[in-house]
Q: 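Quick one: the structure is below, questions incoming.
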There are 2 protein chains.
Amino acid sequence: MELHERIRSKVLREKVVSKEEAAKFIKDGMTVACSGFTPAGYPKVVPEMIAQRAQKGENIRLNIITGASTGDELDGVLARSGVIKKRYPYQTNTDCRNGINSGQIDFCDIHLSHLPQFIKLGYLGNIDIALVEAVAITEDGGIVPSTSVGATNTFVQKADKVIVEINFAQPLDLEGLHDIYDPGDPPLRSPIPLCRVSDRIGIPYIPCPKEKIVAIVISNRKDSTNPVAEIDRDSRLIAGHIIDFLEFEIKKGRFPKNLLPLQSGVGSVANAVLTNFKESRFENLEIYSEVLQDAVLELIDTGKVSFASGTAFTISPSKLDHFYKNLKFYKNYTILRPQEISNNPEVIRRLGVIAMNTAIEIDIYGNVNSTHIGGCAMMNGIGGSGDFTRNAALSIFTTKSVAKDGNISSIVPMVSHHDHTEHDVHVVVTEQGLADLRGLSPKERVKQIIGKCAHPDFRKELWDYYRKALFYAKYKHTPHMLNRVFDLHNYMVKYGTMKPKVC
Amino acid sequence: MELHERIRSKVLREKVVSKEEAAKFIKDGMTVACSGFTPAGYPKVVPEMIAQRAQKGENIRLNIITGASTGDELDGVLARSGVIKKRYPYQTNTDCRNGINSGQIDFCDIHLSHLPQFIKLGYLGNIDIALVEAVAITEDGGIVPSTSVGATNTFVQKADKVIVEINFAQPLDLEGLHDIYDPGDPPLRSPIPLCRVSDRIGIPYIPCPKEKIVAIVISNRKDSTNPVAEIDRDSRLIAGHIIDFLEFEIKKGRFPKNLLPLQSGVGSVANAVLTNFKESRFENLEIYSEVLQDAVLELIDTGKVSFASGTAFTISPSKLDHFYKNLKFYKNYTILRPQEISNNPEVIRRLGVIAMNTAIEIDIYGNVNSTHIGGCAMMNGIGGSGDFTRNAALSIFTTKSVAKDGNISSIVPMVSHHDHTEHDVHVVVTEQGLADLRGLSPKERVKQIIGKCAHPDFRKELWDYYRKALFYAKYKHTPHMLNRVFDLHNYMVKYGTMKPKVC
Ligand SMILES: CC(C)(COP(=O)(O)OP(=O)(O)OC[C@H]1O[C@@H](n2cnc3c(N)ncnc32)[C@H](O)[C@@H]1OP(=O)(O)O)[C@@H](O)C(=O)NCCC(=O)NCCS
Ligand SMILES: CC(C)(COP(=O)(O)OP(=O)(O)OC[C@H]1O[C@@H](n2cnc3c(N)ncnc32)[C@H](O)[C@@H]1OP(=O)(O)O)[C@@H](O)C(=O)NCCC(=O)NCCS
């Protein structure tokens with residue numbers, strides 16, 4: 001009976017096979033595009049079958065494309081078994097990351113809004129298989145996604161063949177949450193008719209010709225989301241600085257009383273910032289973001305947020321039951337869109353989003369590194385931070401002023417990798433304070449960033465660098481000494497700390 | 001009689017004053033926003049009066065905002081007399097640049113699409129005066145721009161007072177060329193209804209309450225545009241590589257036969273590339289760009305281009321008479337929009353523009369520097385290159401592989417300043433060849449960039465750096481040696497060349 005509800009076409013019910021059988025469609029050298037955006041809505045059982053084949057000695061290496069990061073049952077399982085040859089466009093899995101940084105896995109870091117367009121234009125080659133998790137398939141083959149949309153609609157559209165995992169652990173009540181809209185291909189695109197965060201512009205499932213679905217697998221596994229980290233003192237201070245600043249902007253008449261739609265990045269600081277809005281005086285906030293985390297549910301519960309739009313629900317294990325039980329309630333206040341829409345420059349610019357993302361390091365001139373440690377090692381990827389930052393009405397970057405027990409300054413003379421340039425970074429916030437960089441020249445920014453954001457332990461080093469650069473540089477728009485600019489980073493490699501030696 | 005045609009309101013004709021009188025409205029400490037985008041459509045006589053006051057000892061320092069760069073009668077005159085305290089968002093004038101690089105002038109480099117929004121949101125403070133060139137003022141105070149729109153509409157809207165220079169050297173026939181449209185303020189913006197390059201969506205003048213216009217000055221000076229540089233062998237080779245590549249993309253079915261709307265950057269290489277399209281097999285090309293240069297007129301003349309949209313006409317002195325004489329003809333094929341529209345992420349993304357911009361240097365991983373020499377000295381600014389690059393369907397960067405008589409390699413281990421990150425650079429072209437970076441990991445890009453684009457004189461050094469980095473770097477996603485990464489740049493500073501010493 002339940003199967004009839006989940007797979008509503010008779011023809012398609014006949015395509016239900018074992019996970020082993022389904023996995024046989026996937027062969028060495030193929031490009032497999034999988035649903036999933038954060039550990040939400042990704043396929044959970046077929047990847048394991050591929051990994052087992054690899055472990056038994058089969059030569060199978062794949063290009064794996066997803067919406068963004070996924071859970072261990074996909075990225076972890078495939079990375080550990082050496083199946084991933086190339087990975088696009090984002091990941092957060094430890095084993096996948098290790099594979100990338102050891103040189104085993106080729107990783108191409110792509111703006112999340114670019115991905116669907118790149119696939120449609122054929123930039124990433126042919127998609128052999130789309131492997132997608134769903135809660136149901138309609139009578140006509142329409143695929144109802146689970147906890148994320150990501151780029152699944154594009155994968156299904158462009159793939160030669162589609163394999164669906166119907167996950168019984170994902171409630172059927174998720175149906176109706178999604179809003180699938182395709183902006184079409186250039187040059188014949190029309191405006192995306194999304195003017196309010198809550199606008200519903202598409203249909204609640206991903207259209208798919210029935211013939212394209214070659215196998216359906218039944219699964220029953222929850223998303224492997226992570227517990228939310230305790231909110232520490234520094235994150236609370238960062239959140240406090242942001243809220244004070246935004247309140248002041250409203251007083252200055254720059255933003256309406258309920259602000260502009262908020263985007264909030266990923267990571268522990270980002271979640272902390274949003275959580276702290278609970279205690280703010282703002283009302284009727286709107287969220288136009290990628291990932292809706294626990295904090296968003298709490299903001300809806302407390303009436304602070306009137307609507308939230310995203311492309312994935314990433315709810316921690318402890319909140320998941322609550323979320324599922326109250327799905328009908330939350331569906332009134334939330335919507336999941338394809339990342340081609342959630343991250344679309346058109347919509348982000350139109351709405352005038354306030355973007356809040358986290359940096360690994362920020363330099364004295366306001367450039368941001370969100371992806372690389374020490375210039376070489378990939379952390380996660382740029383994700384959607386570039387889509388939001390560049391097109392936002394206001395772009396805020398947060399970071400703790402130090403990392404690794406205070407041994408690393410997150411404020412440096414020059415970031416060791418650039419993801420967001422000085423042009424895109426309006427406000428920098430650490431637990432130390434907030435630097436408002438709007439309209440400032442590089443030298444004016446230095447005073448804000450070192451003066452307000454750097455940790456006291458490193459201020460002297462940073463001022464020393466800047467003063468010397470200002471003195472020695474022949475040209476003084478952006479004073480630098482290229483032969484000294486990475487001294488702190490090099491010191492870190494040599495001594496395991498950026499802190500000057502105490503003699 | 002002519003004055004009645006140019007200033008159609010009686011009340012306003014009474015506001016005609018001498019340039020000295022008009023300049024008196026401008027006082028020390030003010031923010032003055034001037035029309036102008038490239039040396040086109042900028043005010044030409046009032047700035048001189050301010051400079052004279054400064055030269056006579058008056059203490060007058062101003063914040064100068066424009067659409068983009070302007071001519072010497074504005075930037076040169078004011079920079080030489082020490083009047084410019086701060087300059088936004090772009091410039092190309094030698095004296096202004098020298099002022100910036102000597103530390104005299106604070107310069108804030110801003111994406112050109114961001115500028116109008118920043119002003120509307122109040123990020124750059126109050127605009128005391130808008131000083132704008134026009135060909136006419138309508139009965140109701142509507143200001144008809146001359147050869148550029150830029151951000152003039154925003155300046156007029158937000159300034160406390162408006163001063164107009166009616167320039168009789170700019171033909172009245174320019175009227176009707178402009179299309180002024182205001183997308184409104186967030187969160188209440190609607191879609192910009194621009195779906196085809198030729199769509200006319202606004203009105204042909206900038207609305208302005210008559211009371212706001214405090215002075216009108218009559219001028220009679222042509223735009224001080226520069227002659228177009230001879231197209232050299234390298235530029236022709238670069239253009240050839242691009243055309244071959246685009247033809248191949250059409251064959252692969254990725255683009256329609258007439259491509260997608262083209263954007264072409266500024267500088268000599270950019271102009272050469274566009275000129276060479278004359279000899280291509282493409283037909284019915286469309287241009288959606290910022291600046292329409294001589295090459296665009298030629299492409300219209302030869303029927304290669306069916307429509308061109310920009311925000312400024314920058315026609316060289318030798319072509320200017322031809323342009324003016326045939327204005328009625330060219331007006332059928334061209335339109336000038338506010339830079340808030342020409343550079344708008346929404347429209348660029350919707351149309352799927354092919355962006356072609358010029359770099360100063362590009363690194364082996366595909367990062368681009370378009371603004372700084374040696375990491376410190378400002379050349380011009382990022383201009384609109386970021387607006388187009390990030391939101392384009394395809395983003396191409398061109399540069400000659402060497403600069404300064406072959407002493408400098410434009411391909412380097414790490415760019416000394418980042419304007420466009422690896423995520424935004426799809427294709428790199430030098431006279432040596434073309435590197436297609438789409439979908440490649442950093443290490444795969446190195447092979448393309450050094451192998452196809454670097455000058456033979458520097459390939460060994462670059463490969464040596466990369467191989468050592470690959471060997472020594474602990475983490476191998478983006479292999480770098482931060483202690484060696486600027487060796488070529490430092491060598492250049494020391495020895496005046498990046499070329500290894502011949503012993
Ligand atoms: C930048 C980013 C990694 C920060 O995430 P986070 O969870 O807040 O960060 P943490 O403080 O836990 O730091 C993550 C790791 O980097 C380390 N780190 C942070 N700053 C560092 C620095 N300056 N130098 C070296 N290591 C640093 C931390 O010590 C931690 O290491 P660990 O995993 O060994 O404990 C994350 O936000 C990200 O991936 N951003 C890019 C994508 C993005 O912005 N997406 C949102 C778009 S909507
Ligand atoms: C990058 C840019 C400066 C190139 O312009 P161009 O006219 O094609 O460049 P040129 O080859 O003449 O180079 C300009 C100068 O830089 C120097 N130069 C070029 N590459 C260099 C390098 N790698 N290192 C040092 N100097 C370099 C040249 O020698 C030349 O110097 P000169 O003025 O002393 O003769 C110009 O395109 C620009 O300002 N771009 C940024 C803004 C933009 O893209 N706008 C378009 C948006 S629509």
Side-chain angles (χ1 to χ4, degrees), chain A residues 86 100-103 106-111 117 121-124 186-187 189-193 195 252 254 256 260-261 345-346 349-352 367 372 375-378 382 386 390-391 393 416-419 421 423 438-441 444 473-480 482-483 486 489-490, chain B residues 86 100-103 106-111 117 121-124 186-187 189-193 195 252 254 256 260-261 345-346 349-352 367 372 375-378 382 386 390-391 393 416-419 421 423 438-441 444 473-480 482-483 486 489-490:
Chain A
K86 193 151 180 183
I100 291 166
N101 290 323
S102 69
D106 263 327
F107 176 58
C108 180
D109 186 19
I110 302 178
H111 294 297
Q117 172 162 297
L121 286 165
Y123 293 178
L124 306 185
R189 287 192 183 127
S190 301
I192 300 170
C195 298
K252 284 223 158 190
R254 292 197 183 128
L260 291 166
E346 168 171 344
R349 175 65 172 252
R350 180 182 302 146
L351 296 174
N367 299 285
H372 281 63
C376 301
M378 173 53 62
I382 194 165
R390 174 70 55 88
N391 298 306
S416 60
H417 186 270
H418 288 66
D419 295 291
T421 70
H423 316 89
R438 291 172 297 175
L440 302 190
S441 69
E444 292 173 322
K474 190 167 166 199
Y475 300 110
K476 301 186 195 298
H477 176 61
T478 308
H480 262 312
L482 293 184
N483 56 339
F486 290 130
H489 293 86
N490 293 329
Chain B
K86 193 151 181 183
I100 291 166
N101 290 324
S102 69
D106 263 326
F107 176 58
C108 179
D109 186 18
I110 302 178
H111 295 296
Q117 172 162 299
L121 285 165
Y123 293 178
L124 306 184
R189 287 191 183 128
S190 300
I192 299 169
C195 298
K252 285 224 158 190
R254 292 198 182 129
L260 290 166
E346 168 170 344
R349 174 64 173 252
R350 180 182 302 146
L351 296 174
N367 300 286
H372 282 63
C376 302
M378 174 53 61
I382 194 164
R390 174 70 56 88
N391 298 306
S416 60
H417 186 269
H418 288 66
D419 295 292
T421 71
H423 316 89
R438 291 172 296 174
L440 301 189
S441 69
E444 291 172 322
K474 190 166 165 197
Y475 300 109
K476 301 189 194 298
H477 176 61
T478 307
H480 262 312
L482 293 184
N483 56 338
F486 290 130
H489 293 86
N490 293 328

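When reading the values below, keep in mind they use all heavy atoms of this one structure, side chains included, and skip hydrogens, waters and symmetry mates. Throughout, a chain's letter reflects where its sequence line sits, starting with A, and its residues are numbered from 1.
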Q: Output the distance between atom CZ (A/Arg349) and atom CZ (B/Arg189), rounded to the nearest 0.5 Å.
A: 6.0 Å

Q: For each of A/His480, A/Arg390, A/Lys474, tally heavy-atom pairs with chain B at distances under 4.5 Å, and name the one with the top tally.
A: A/Arg390

Q: Heavy-atom cut-off 4.5 Å, strictly under: side chain, backbone, both or neither for A/His418 against chain B?
A: both

Q: To the nearest 0.5 angstrom, please state how far the CG atom of B/Asn367 sits from the NE2 atom of B/His417.
A: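 B/Asn367 CG to B/His417 NE2: 12.0 Å, rounded to 0.5 Å.
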
Q: Between A/Leu482 and chain B, with a heavy-atom cut-off of 4.5 Å, which part of the residue counts as in contact: side chain, backbone, both or neither?
A: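 A/Leu482 touches chain B through backbone and side-chain heavy atoms alike.
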
Q: Most heavy-atom pairs under 4.5 angstrom with chain B, which of A/Ser190, A/Ala473, A/Pro479?
A: A/Ser190

Q: Using heavy-atom distances under 4.5 Å, tell me whether B/Phe486 contacts chain A through its side chain, its backbone, both, or neither.
A: side chain

Q: Which atom names give the shortest non-hydrogen contact between B/Ser441 and A/Asp106, and what distance separates them?
A: OG-OD1, 2.8 Å

Q: Taking A/Asn391 for its side chain and A/Glu346 for its backbone only, find out whether a donor-acceptor pair lies under 3.5 Å.
A: no

Q: Sort out for me which of A/Gly352, A/Cys108, A/Pro261 touches chain B most, counting heavy-atom pairs under 4.5 Å.
A: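 Top count of heavy-atom pairs under 4.5 Å with chain B: A/Cys108.
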
Q: What part of A/Leu260 lies closer than 4.5 angstrom to a heavy atom of chain B: side chain, backbone, both or neither?
A: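 For A/Leu260, the side chain is the part near chain B, not the backbone.
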
Q: If you measure from CG on B/Asn483 to CG on A/Asn483, what distance do you get to the nearest 0.5 Å?
A: 12.0 Å

Q: Which atoms of B/Asp419 are under 4.5 Å from chain A, going by heavy atoms: the side chain, the backbone, both sets, or neither?
A: both

Q: Mind ranking B/Asp109, B/Ile192, B/Ile110, B/Leu351 by heavy-atom pairs under 4.5 Å with chain A and telling me who comes out on top?
A: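 The answer is B/Asp109.
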
Q: To the nearest 0.5 Å, what is the distance between CZ on B/Arg438 and CG on A/Leu121?
A: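 Atom-to-atom, B/Arg438:CZ and A/Leu121:CG are 8.5 Å apart.
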
Q: Select one option (side chain, backbone, both, neither) describing which atoms of A/His489 are under 4.5 Å from chain B's heavy atoms.
A: side chain

